[in-house]
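This structure is in structure tokens; I'll ask about it shortly.
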Amino acid sequence: MSNIPTENSKSPTRSDQAKETASRIAAGAGEAAQGAATHYVKEPAQDVFSLVKAYAKDNPDVAACWAFGIGVIVGWKLRP
């Protein structure tokens, strides 16, 4: 008798087990990546925006000049 399961047997094969394990690992990696993205992208972006807002409150004239300059450059590049 061989250890190779036949088509009629109900026991999972090694390839089925490998697929199941790979899908579990991929699902876990996806969840970990979403958590990392939330922590390492969202929070620093909020910190940067809060720093920019605080700077704009302290130096409104400089912030207005920067906004105007960035607007001119973006408008110039988006011109049809």
Side-chain angles (χ1 to χ4, degrees):
M1 291 265 159
S2 68
N3 290 337
I4 301 173
T6 62
E7 292 181 23
N8 295 336
S9 68
K10 300 267 181 171
S11 65
T13 62
R14 287 188 180 181
S15 64
D16 292 338
Q17 290 173 346
K19 287 177 186 178
E20 183 181 325
T21 302
S23 66
R24 278 189 284 130
I25 290 172
E31 290 174 9
Q34 285 179 341
T38 300
H39 179 72
Y40 291 111
V41 174
K42 186 178 179 182
E43 291 180 13
Q46 289 175 344
D47 292 343
V48 168
F49 287 127
S50 66
L51 288 173
V52 169
K53 284 166 110 176
Y55 182 80
K57 284 182 181 178
D58 294 340
N59 304 314
D61 53 342
V62 176
C65 289
W66 273 102
F68 178 76
I70 291 171
V72 167
I73 292 172
V74 169
W76 176 37
K77 292 295 181 180
L78 291 178
R79 183 177 43 148

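In this text the structure is predicted, and so the values were computed from the model without any measurement.
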**Request:** Indicate, with yes or no, if L78 and I70 share a hydrophobic cluster defined by side-chain heavy-atom contacts under 4.5 Å among Ile, Leu, Val, Met, Phe, Trp and Tyr.
**Result:** yes
**Request:** State yes or no: do V74 and W66 share one hydrophobic cluster built from I, L, V, M, F, W and Y residues joined by side-chain heavy-atom distances below 4.5 Å, directly or via other members?
**Result:** yes
**Asked** Are D16 and T13 close enough that some pair of their side-chain heavy atoms sits under 4.5 Å apart?
**Response** yes
**Item:** Spacing of CD belonging to E20 relative to CD1 belonging to I25, to within rounding of 0.5 Å
**Value:**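 Rounded to the nearest 0.5 Å, the CD-CD1 separation comes to 11.0 Å.
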